[in-house]
J.: 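First the structure, which I've put down as structure tokens, then a few questions once you've had a look.
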Amino acid sequence: MTQNHLYLVDGSGYIFRAYHQLPPLTNKHGQPVGAVYGYTTMLWKLAEELGKAEGPTHLAVVLDKGSHTFRNDMYDQYKANRPPAPEDLVPQFPMIRDATRAFSLPCIEEAGFEADDIIASYTKAAVAQGWKVTIVSSDKDLMQLIQPGVDMYDTMRNERRGADYVMGKFGVSPEQLGDVLALMGDSVDNVPGIPGIGPKTAAKLITEYGSLEAALEAAPTMKKSKMQESLIAHADMARLSRRLVALHDAMDLPEPLDDLTLKGIPPEPLQQFLDHHGFKSLLARLGAPAAAVAVAAASAVVSDMAPPPPPVQDAAPPIDRSQYETVVDEIALDRWIAEATALGVVAVDTETDRLDAISCELVGLCLSTGPNRACYIPVGHGGRDMFAERPQQLDRALVLAKLKPLLEDDAVLKVGQNIKYDLIVLRRHGIDVAPYDDTMVMSFNLDAGQSLSGHGMDEAARAHLNHECIAFKDVVGTGKSQISFAEVPLDKATAYAAEDADVTLRLWTLFRTRVANEGASRVYQLVDRPLVSVVAGMEQRGIKVDREALSRLSAEFTAGIAALEGEIHELAGQPFAIGSTQQLGAILFDKMGYKGGKKGKSGAYSTDVTVLEQLKAQGAEIAGKILDWRQLSKLKSTYTDALQAQINADTGRVHTSYSLTGAQTGRLSSTDPNLQNIPIRTEIGRQIRHAFVAEPGNVILAADYSQIELRLAAHMADVPALKDAFAKGEDIHAATAQQLFGEVNRDTRGRAKTINFAILYGISRWGLAARLEIPPEEAQDMISRYYERFPGISVYINETLEKARERGYTETLFGRKTWFPRIKAPVQHERQGAERAAINAPIQGTSADIIKRAMARMEPALAAEGLGEVKMLLQVHDELVFELPEADVAAASAVIRRVMEGAAEPLVKLSVPLGVEIGHGPSWGAAH
DNA sequence: ACCCTCACG
DNA sequence: GACGTACGTGAGGGTA
């Protein structure tokens with residue numbers, strides 16, 4: 001059996017080198033991919049090494065994760081000089097992970113450690129087992145690892161390097177290299193070294209004295225010189241530098257060595273990746289015999305080796321609630337904090353006495369640092385009543401003061417399930433939790449649209465951990481006997497709450513690899529994750545609502561409703577519940593004899609707007625009155641009454657709650673109250689919008705993307721006629737009318753508008769026919785003409801559907817997946833429904849991605865212009881609503897427009913401009 | 001708990 | 001040839 005040979009690829013180092021050495025390529029989606037291309041060719045070269053004598057049997061790509069490592073704690077200036085990564089390189093980082101995944105290679109990254117340390121640790125472990133190691137990198141720091149059995153490989157120069165290379169370049173052996181590097185210093189990493197000493201002098205000193213320590217000790221006896229004085233003066237700097245350049249080789253291996261076995265490179269994902277980016281020359285080689293050989297050789301490696309170990313099931317032990325700890329003393333609390341800090345990642349969950357984060361009281365917190373390692377820290381049991389009997393527990397202020405450094409520690413990742421809630425609760429106590437991961441958002445980015453109905457923890461635990469969580473209602477009861485969490489006994493509370501943290505961390509362990517392996521990193525890291533804290537801020541801020549104005553409207557509506565009710569009963573000849581569709585149907589169709597058939601599976605009469613409009617057109621006076629009654633009832637119950645009840649007593653404002661995982665396409669949704677469906681289309685409803693007001697001295701500013709979905713459709717389906725019209729700033733529906741009907745008037749423009757929207761939603765001839773009130777054949781003609789004039793549209797639709805059928809999901813320009821499990825349903829109308837949704841999802845989803853990016857960038861952009869008083873309050877799919885001092889309107893408008901119009905860049909380059917319309921006034925209604 | 005209706009993008 | 005609407009949401013009221 002051949003000797004195992006581990007290849008460790010310094011992915012991060014490679015990316016920067018490729019970026020600087022290759023021209024700024026872009027792929028067919030307009031994304032910058034120069035570094036990705038270089039990286040891909042490097043992996044390709046490695047793939048060709050497979051099966052050769054010195055080729056790999058095991059391989060891992062190692063990447064940097066985050067920027068804060070233990071070296072920053074050692075020396076706060078470490079890497080402080082390093083400029084931020086270039087703007088067009090940043091979006092390529094997640095694509096590097098995609099590339100790695102396309103080659104089906106394991107990828108290792110670990111927070112708190114640089115890629116160099118991971119490589120050092122793996123090298124040490126492999127050498128200890130008698131393996132050979134090749135480090136794929138040209139980094140001088142890594143050359144310290146060269147030793148018998150360990151060499152380096154520079155794929156760009158196609159050169160293998162051993163100890164003689166180091167001797168030739170630095171004049172010392174690899175084991176002395178660390179001392180030389182410490183003396184030299186490194187301006188890029190900001191390792192200080194000793195001023196005036198470069199590579200030559202350093203090498204001379206080390207060769208002469210044998211080591212850095214020996215040279216420093218001998219310094220006072222050396223011949224007097226500038227260098228000698230410097231050596232004495234900066235000895236401490238040299239010692240610090242020595243520690244900075246030392247590689248940490250004793251970390252716990254995130255993946256066992258044996259898991260790095262090369263299992264062959266299946267061609268399909270690779271082909272998909274190359275195809276996606278349009279790397280044509282590599283694609284051609286993939287089909288060529290050479291690649292076939294490489295792939296075959298890769299498979300041969302597998303068959304040569306011992307059979308692969310059985311797939312690791314869930315390596316974590318089953319959930320054991322008896323191991324959870326209730327923390328009621330400071331020593332235990334300190335121990336948990338130390339453990340979490342050392343680990344660098346901790347699951348966090350807060351327990352409160354009610355559901356809304358804005359007004360709840362904190363009852364307890366939990367932490368988890370590993371499977372079954374979880375604790376519950378009660379701080380508010382016994383409730384809000386200060387005199388009630390309280391179980392023994394730590395003081396809330398003390399616990400929060402102790403937890404604050406952990407929760408704000410850059411080097412400790414906080415993991416939460418729906419962490420937006422915890423962010424708000426803790427921010428109310430002066431704690432800004434960062435950095436964070438959210439398992440609910442990760443689940444959404446992986447599985448949106450999959451058969452699971454939501455991304456809640458109980459469901460996720462069932463699906464992914466095969467575990468049934470304690471149900472909240474089993475802890476607090478239901479209905480009248482329901483108690484607050486503050487009243488739950490500590491043992492029960494600990495079992496429930498600590499389990500949540502335990503499960504959250506377990507889910508995170510699963511999701512983080514899946515996010516990396518399934519191409520979700522980009523949308524998670526660059527779109528959704530940064531949004532969580534932004535949305536938390538918006539919810540916490542709320543918007544002011546004029547209670548008196550709503551109350552006046554309520555009274556007006558009440559009077560109108562009463563008057564209409566009388567008239568309706570009069571016309572019907574009897575009193576009845578107008579709100580009951582059942583009774584209304586009976587009155588209209590059975591008693592009064594109007595025509596209008598049964599509908600729906602329930603067999604009940606339909607009485608919706610379209611039906612009532614038809615009756616009205618037939619001359620049924622009652623139908624119009626019912627429509628008016630319905631409008632007023634809706635406005636009163638859903639808006640004027642409900643909204644008053646939602647005003648927070650402490651803030652005097654309304655705080656909605658946004659769901660980041662509610663809409664399958666990636667849109668946000670808003671609940672309690674829903675502020676994304678405040679009336680605007682009718683004059684009477686619009687008055688409700690006028691009740692959303694600014695504080696004295698401030699104004700409300702609303703910024704809307706204009707026709708964003710149509711613009712995206714024009715870009716994604718590549719329709720030159722539509723793109724030109726947008727580029728010229730033309731009225732898009734008029735332009736469509738011109739194309740379809742040859743003339744523009746009110747009628748043709750209106751029909752064109754209907755068709756344009758129909759396209760976005762996935763059209764059917766019957767749907768269009770119903771909308772335009774024309775026969776289906778005529779509608780079909782119109783659709784055909786649309787496809788003729790805009791051929792890109794039908795190509796887009798067909799390609800989207802084909803991909804959805806083949807892969808099961810659609811993707812936005814930012815890589816957001818939406819799954820369509822029913823796309824192959826045998827029942828026709830289910831399947832067709834899925835098809836229409838699949839046509840719409842990439843467009844609606846890309847629009848959602850874009851506004852989310854604008855939101856994530858908005859506050860820093862405003863702050864950079866000294867506009868810290870400008871507050872983002874609401875998002876309504878294509879609109880952002882702000883409150884700001886009147887004096888800031890002009891400056892803020894410019895920033896807001898710039899951020900919104902440029903939100904796709906640089907990740908995605910659009911071939912149509914994005915337009916933004918901005919208005920302001922004393923109220924939301926006035927801002928439109 | 002479910003259906004219907006209707007508010008928004 | 002029949003299907004009975006468009007895509008994505010959330011809330012309130014009536015009914016079983």
Side-chain angles (χ1 to χ4, degrees), chain A residues 448-449 576-585 597-612 626-627 629-643 645-646 656-659 661-682 684-686 688-689 704-710 713 754-772 776 779 783 810 818 820 827-845 847-848 851 874-880:
Chain A
F576 68 100
I578 305 170
S580 161
T581 49
Q582 210 176 63
Q583 292 181 34
L584 177 62
K598 284 175 204 235
K599 256 202 211 165
K601 322 164 217 210
S602 51
Y605 290 116
S606 169
T607 65
D608 67 12
V609 251
T610 54
V611 173
L612 291 176
I626 292 165
L627 285 170
W629 181 93
R630 278 202 180 148
Q631 184 186 22
L632 292 183
S633 305
K634 171 85 178 178
L635 293 177
K636 177 170 151 60
S637 65
T638 310
Y639 299 104
T640 54
D641 287 356
L643 229 36
Q646 290 278 0
T656 183
S657 174
Y658 288 102
S659 168
T661 59
Q664 314 287 16
T665 53
R667 274 190 177 180
L668 302 186
S669 73
S670 158
T671 59
D672 308 307
N674 181 355
L675 295 186
Q676 290 181 322
N677 70 349
I678 301 302
I680 192 168
R681 291 174 188 171
T682 65
I684 181 159
R686 233 177 159 139
I688 292 162
R689 242 172 226 245
D704 286 60
Y705 280 113
S706 147
Q707 308 283 12
I708 186 169
E709 292 196 3
L710 265 180
T754 302
I755 299 173
N756 274 332
F757 280 106
I759 293 296
L760 299 179
Y761 297 150
I763 198 168
S764 79
R765 77 183 91 148
W766 299 281
L768 187 61
R771 276 287 156 125
L772 291 177
I783 295 168
T810 62
T818 304
F820 292 92
V827 182
Q828 183 177 242
H829 72 262
E830 275 186 20
R831 188 173 63 246
Q832 289 178 337
E835 286 174 354
R836 289 194 298 269
I839 292 167
N840 179 248
I843 299 169
Q844 187 180 117
S847 159
I851 196 166
L874 303 176
Q875 188 251 43
V876 193
H877 311 308
D878 63 358
E879 172 185 8
L880 295 176

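Chain identifiers are assigned alphabetically (A, B, ...) following the order of the sequence lines, protein sequences preceding nucleic acid strands; residue numbering begins at 1 within each chain.
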J.: In this structure, how many angstroms lie between the C1' atom of C:dC7 and the CD atom of A:Glu709, rounded?
T.: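 One finds 8 Å between C1' of C:dC7 and CD of A:Glu709, rounded.
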
J.: Between A:Gln875 and B:dG9, does any side-chain N or O lie under 4.0 Å from OP1 or OP2?
T.: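 A:Gln875 to B:dG9 OP1/OP2: no side-chain N or O under 4.0 Å.
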
J.: To the nearest Å, how far apart are A:Asp704 CG and B:dC8 C1'?
T.: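 Whole-Å distance recorded here is 12 Å.
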
J.: Roughly how many Å is it from CD1 in A:Ile688 to C1' in C:dG12, rounded to a whole number?
T.: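 Value for this atom pair: 14 Å.
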
J.: Where the side chain of A:Gln583 is concerned, which of B:dC6, B:dC8, C:dT15 is the nearest nucleotide?
T.: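 Nearest to the side chain of A:Gln583 among the choices is C:dT15.
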
J.: Return the nucleotide paired to B:dC2: Watson-Crick means purine N1 to pyrimidine N3 with N6-O4 or O6-N4, wobble means G-U with N1-O2 and O6-N3, both under 3.5 Å.
T.: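 Answer to the pairing question: C:dG14, which forms a Watson-Crick or G-U pair with B:dC2.
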
J.: Quick one: on DNA chain C, does A:Gln832 or A:Ala663 contact a more 5' nucleotide (nearest heavy atom)?
T.: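 In this pair, the answer is A:Gln832.
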
J.: With rounding to the nearest 0.5 Å, note down the distance linking CD1 in A:Ile851 to CG in A:Leu668.
T.: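 Answer rounded to 0.5 Å: 8.5 Å.
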
J.: Given atom CD of A:Gln844 and atom P of B:dC8, what is their separation to the nearest angstrom?
T.: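 Interatomic distance, CD of A:Gln844 to P of B:dC8: 17 Å.
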
J.: Considering only B:dC6, C:dG12, C:dG8, which nucleotide approaches the side chain of A:Ser637 most closely?
T.: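 So the side chain of A:Ser637 is nearest to C:dG12.
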
J.: Within less than 4.0 Å of OP1 or OP2 of C:dC7, is there a side-chain N or O belonging to A:Arg836?
T.: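 Checking C:dC7 against A:Arg836, a side-chain N or O does come within under 4.0 Å of OP1 or OP2.
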
J.: Rounded to the Å, how far apart are A:Asn756 CG and B:dG9 P?
T.: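 My rounded result for the distance is 18 Å.
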
J.: In terms of side-chain heavy atoms of A:Tyr639, which of B:dA7, C:dT5, B:dC6 is nearest?
T.: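 From the listed options, B:dA7 comes nearest.
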
J.: Hey, is the side chain of A:Arg681 poking within less than 4.0 Å of OP1 or OP2 on B:dG9, counting only N and O atoms?
T.: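 The answer is yes; a side-chain N or O of A:Arg681 sits under 4.0 Å from OP1 or OP2.
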
J.: Between C:dA2 and B:dA7, how far is it from one P atom to the other, in whole Å?
T.: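 Per the computed distance, 35 Å lies between those P atoms.
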
J.: Going from CZ on A:Arg765 to CG on A:Leu768, what distance comes out if it is rounded to the nearest 0.5 angstrom?
T.: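 Nearest 0.5 Å value for the CZ-CG distance: 11.5 Å.
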
J.: Taking the side chain from A:Tyr658 and the backbone from A:Gln875, do they hold a donor-acceptor pair closer than 3.5 Å?
T.: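 Judged by distance alone, yes, a pair lies under 3.5 Å.
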
J.: Quick one: A:Leu612 CG to B:dC4 C1', roughly how many Å, whole number?
T.: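 Computing the A:Leu612:CG to B:dC4:C1' distance gives 12 Å.
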
J.: When you measure only distances, ignoring hydrogens and angles, does the side chain of A:Arg630 come within 3.5 Å of the base of C:dG13 through a donor and an acceptor?
T.: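 Flag unset: no donor-acceptor pair detected.
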
J.: Whole-Å distance between B:dC8 P and A:Ile680 CD1?
T.: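 Distance, rounded to whole Å: 8 Å.
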
J.: Between C:dA6, C:dG10, C:dA2, which nucleotide has the shortest distance from any of its atoms to the side chain of A:Asn674?
T.: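 Comparing C:dA6, C:dG10, C:dA2 against the side chain of A:Asn674, the answer is C:dG10.
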
J.: Side chain of A:Thr607, backbone of A:Thr581: donor and acceptor closer than 3.5 Å?
T.: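 No.
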
J.: Which nucleotide, C:dT5, C:dG8, C:dA2, lies nearest any side-chain atom of A:His877?
T.: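 Out of C:dT5, C:dG8, C:dA2, the nucleotide with an atom closest to A:His877's side chain is C:dG8.
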
J.: Strictly below 4.0 Å: does A:Ser669 bring a side-chain N or O up to OP1 or OP2 of C:dG10?
T.: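 So the side-chain polar atoms of A:Ser669 do come within 4.0 Å of the phosphate oxygens OP1 or OP2 of C:dG10, strictly under.
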
J.: Can you tell me if A:Gln582 touches the phosphate of C:dA16, counting only side-chain N or O atoms and a distance under 4.0 Å to OP1 or OP2?
T.: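 It does, given that an N or O in the side chain of A:Gln582 lies less than 4.0 Å from OP1 or OP2 of C:dA16.
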
J.: Which nucleotide, C:dG8, C:dG10, C:dA2, lies nearest any side-chain atom of A:Ala837?
T.: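 Within the option list, the nearest is C:dG8.
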
J.: Starting at atom CG of A:Leu635, determine the distance to atom P of B:dT5, rounded to an integer number of angstrom.
T.: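 To the nearest whole Å, that distance equals 18 Å.
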
J.: Could you measure between the two P atoms, the one in C:dA6 and the one in B:dC6, and give it in whole Å?
T.: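 12 Å, rounded to whole Å.
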
J.: With respect to the phosphate group of C:dT15, does any side-chain polar atom (N or O) of A:Ser580 fall under 4.0 Å of OP1 or OP2?
T.: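 Affirmative; the distance criterion is met.
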
